[in-house]
2 protein chains.
Amino acid sequence: MDKFLDSFFSYLEDIQNLSNPSKEKLSNLCSRVRLNKNERLQEIGRTCKTIYFVEEGAARIFYYKDGIEITEYFAFEKDLIIRAESLFYNQPSKKGITCMEDTNFIAIPSQPLFELFNQHHDLERLFRKLIQNAYVETVRRIEMIQFHTAEERYLSLLQNNPQVIQKVPLKFIASYLGITQVSLSRIRSTLA
Amino acid sequence: MDKFLDSFFSYLEDIQNLSNPSKEKLSNLCSRVRLNKNERLQEIGRTCKTIYFVEEGAARIFYYKDGIEITEYFAFEKDLIIRAESLFYNQPSKKGITCMEDTNFIAIPSQPLFELFNQHHDLERLFRKLIQNAYVETVRRIEMIQFHTAEERYLSLLQNNPQVIQKVPLKFIASYLGITQVSLSRIRSTLA
DNA sequence: ACTTTCTTTTTACAAATGTTAAATAATTAA
DNA sequence: TTAATTATTTAACATTTGTAAAAAGAAAGT
């Protein structure tokens, strides 16, 4: 197995133990993608056929609503980054993926991965757990947005994800929280 | 296999084909719970150890924020209803499940189910797909709430889930959309 | 049918957030 | 370093949504 994937695999094995053959097969599917800040990993309109993890750096998923760019998701080191609705239903995605800084991704093509599941039960289990975790995180996010004021959402992000506030331009954070830049700026000034 | 589960199993098999032994084992885990309108399937504070499907009727997941009841999720016929953060992380849930009308649930205890996964790969695959679908639905919901006005959210629900508007009291719909009853009422009056 | 309870709408007002535009501040490139 | 670009804050005002209370309407129980 390639040396360069060691740390990635030890992260995966914390979630689900893998047999040696499974690791071997999976690592054969992994490749690395290196992009510079502001480069796009996936364009809007393409169907998502690859599962990515951020190895190092920071990326985000975005889309446009009425011509305004909205950030849907942030991904940092170790984070899974997929456009689920496109990957699972094989539809062109309305969303794109772009880098907020120079970023290394680990890329796994979904079709061959799904085929591995037939022979390697442990890989499917790993993947199930990854999706489970993503699901729980998304439910939490609904809770956070559903009935909280702009200020509460900002404070909650500050508390639960301080790295976002440090690393990410405020304009991206604002739309992630579902508020305008101006509103976010106002909130920050009353807190300071 | 029990006759009474026929329609439920044909629904499951549309998602993932199951071997006969798998069906047999799974059906042995299934039981039925019948509740009347307004009865609680799960109380707030209990750890979720059961996976439910609505066989017939209508239920919802709710929680309290500052003493106000908020509806997080609606479930109708065939819908999976779980409190994911509790089920997957084994923590007491801040949420409860209650019936909006007389409802039959199919109940599957999670621990025995997860153990079946070791011998029955197809059951784990079925479950993975169910979670995948729930995940996509939740991502869509974030999109719907994140940057849409109260009116847009209501119209979107009207279009994508007309049965909700017909079956569910408006007070529950309001908090589901992240707005107040008064606001929802106002919106409806301007549309009419 | 009548009463009680629960749900929905309406009103009036307050607070929060959006919009537009301009002013600062910070970053990047020449 | 300066100029150009990009990001953030501030201001003024418009709009949306929330709050509290009352009124109207619908459903349930006797």
Side-chain angles (χ1 to χ4, degrees), chain A residues 35-40 57-58 60 62 64-71 74 98-102 144-158 163-192, chain B residues 35-40 57-58 60 62 64-71 74 98-103 144-158 162-192:
Chain A
L35 292 179
N36 295 323
K37 182 172 177 177
N38 292 327
E39 283 187 321
R40 300 232 174 137
R60 66 192 178 91
F62 68 96
Y64 289 94
K65 192 220 161 195
D66 303 335
I68 290 169
E69 190 188 285
I70 294 176
T71 293
F74 294 120
T98 189
C99 300
M100 298 186 290
E101 48 187 74
D102 297 357
M144 203 247 257
I145 296 184
Q146 189 177 14
F147 237 100
H148 291 79
T149 63
E151 179 170 324
E152 287 170 323
R153 293 180 220 170
Y154 176 71
L155 289 174
S156 158
L157 187 64
L158 204 60
Q163 63 173 343
V164 173
I165 310 285
Q166 281 151 17
K167 279 193 163 189
V168 178
L170 291 174
K171 58 176 180 168
F172 298 145
I173 294 175
S175 73
Y176 177 80
L177 295 174
I179 59 181
T180 59
Q181 288 179 54
V182 175
S183 200
L184 179 56
S185 209
R186 225 173 347 214
I187 285 158
R188 284 162 52 87
S189 74
T190 65
L191 292 175
Chain B
L35 293 179
N36 295 323
K37 182 173 177 176
N38 291 327
E39 284 187 321
R40 300 233 172 135
R60 66 191 178 91
F62 68 95
Y64 289 93
K65 193 220 160 193
D66 303 335
I68 291 169
E69 191 189 280
I70 295 177
T71 293
F74 295 120
T98 189
C99 300
M100 297 187 290
E101 48 188 73
D102 297 356
T103 302
M144 203 247 255
I145 296 184
Q146 190 178 13
F147 237 101
H148 292 79
T149 63
E151 179 170 326
E152 287 171 322
R153 293 180 219 173
Y154 177 71
L155 289 173
S156 158
L157 187 65
L158 205 59
Q163 64 173 339
V164 174
I165 310 286
Q166 281 150 18
K167 279 192 163 190
V168 177
L170 289 174
K171 59 176 178 166
F172 298 147
I173 293 176
S175 73
Y176 177 80
L177 295 174
I179 60 181
T180 60
Q181 289 179 56
V182 175
S183 199
L184 179 56
S185 208
R186 225 171 352 212
I187 286 158
R188 284 160 53 87
S189 74
T190 65
L191 293 175

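Order of the sequence lines sets the chain letters (A, B, ...), proteins ahead of strands, with each chain counted from 1.
If you take CD of Glu152(B) and C1' of dT16(D), they are 12 Å apart, rounded to a whole angstrom. Taking atom NZ of residue Lys37(A) and atom P of nucleotide dT5(D), one finds them 17 Å apart after rounding to whole Å. Rounded to whole Å, the distance from CD on Glu151(B) to P on dG18(C) is 16 Å. One can place CZ of Phe147(B) at 15 Å from P of dT16(D), the figure rounded to the nearest angstrom. With rounding to whole Å, Ile179(B) atom CD1 is found 15 Å from dT17(C) atom P. One can place NZ of Lys65(B) at 12 Å from C1' of dG18(D), the figure rounded to the nearest angstrom. Note: CZ (Phe172(A)) to P (dT6(D)) measures 12 Å, nearest angstrom. Across the protein-nucleic acid pair, Ile187(A) atom CD1 and dT9(D) atom P stand 11 Å apart, rounded to whole Å.
Listed pair Ser185(A) / dT9(D) meets the phosphate criterion, a side-chain N or O lying under 4.0 Å from OP1 or OP2. Neither OP1 nor OP2 of dT17(C) sits under 4.0 Å from any side-chain N or O of Thr180(A). Taking side-chain N and O atoms only, Ser189(B) has no distance below 4.0 Å to OP1 or OP2 of dT9(C).
Remark: side-chain polar atoms of Thr71(A) are not paired, donor with acceptor, to backbone N or O of Phe62(A) under 3.5 angstrom. A donor-acceptor contact shorter than 3.5 Å links the side chain of Arg153(B) to the backbone of Leu177(B). Under the 3.5 Å distance criterion, the side-chain polar atoms of Glu69(A) are left unmatched by any main-chain donor or acceptor of Phe172(A). Lys65(B) contributes a side-chain N or O that, together with a main-chain N or O of Phe147(A), makes up a donor-acceptor pair within less than 3.5 Å.
For Pro169(A), counting side-chain heavy atoms from C-beta on, the closest listed nucleotide (dT8(D), dT17(C), dT8(C)) is dT8(D). Nearest nucleotide to the side chain of Ser183(A), out of dT8(D), dT17(C), dT17(D): dT17(C). Taking the side chain of Thr149(A) as heavy atoms from C-beta on, and the options dT8(C), dT17(C), dA20(D), the nearest nucleotide is dT17(C). Proximity note for Ala150(B) (side chain, C-beta onward) versus dT8(C), dT17(D), dT10(D): the nearest is dT17(D).
Residue Lys171(B) is the one, among Val182(B) and Lys171(B), whose nearest nucleotide of DNA chain C lies closer to the 5' end (criterion: closest heavy atom). The nearest heavy atom of DNA chain D to Leu184(B) and to Arg188(A) marks one nucleotide each, and the one closer to the 5' end goes with Arg188(A).
Put simply, CG on Leu35(B) and CD on Glu101(B) are 12.5 Å apart, with the number rounded to the nearest 0.5 Å.
Note on Gln181(A): a base of the nucleic acid sits closer than 4.0 angstrom, heavy atoms only.
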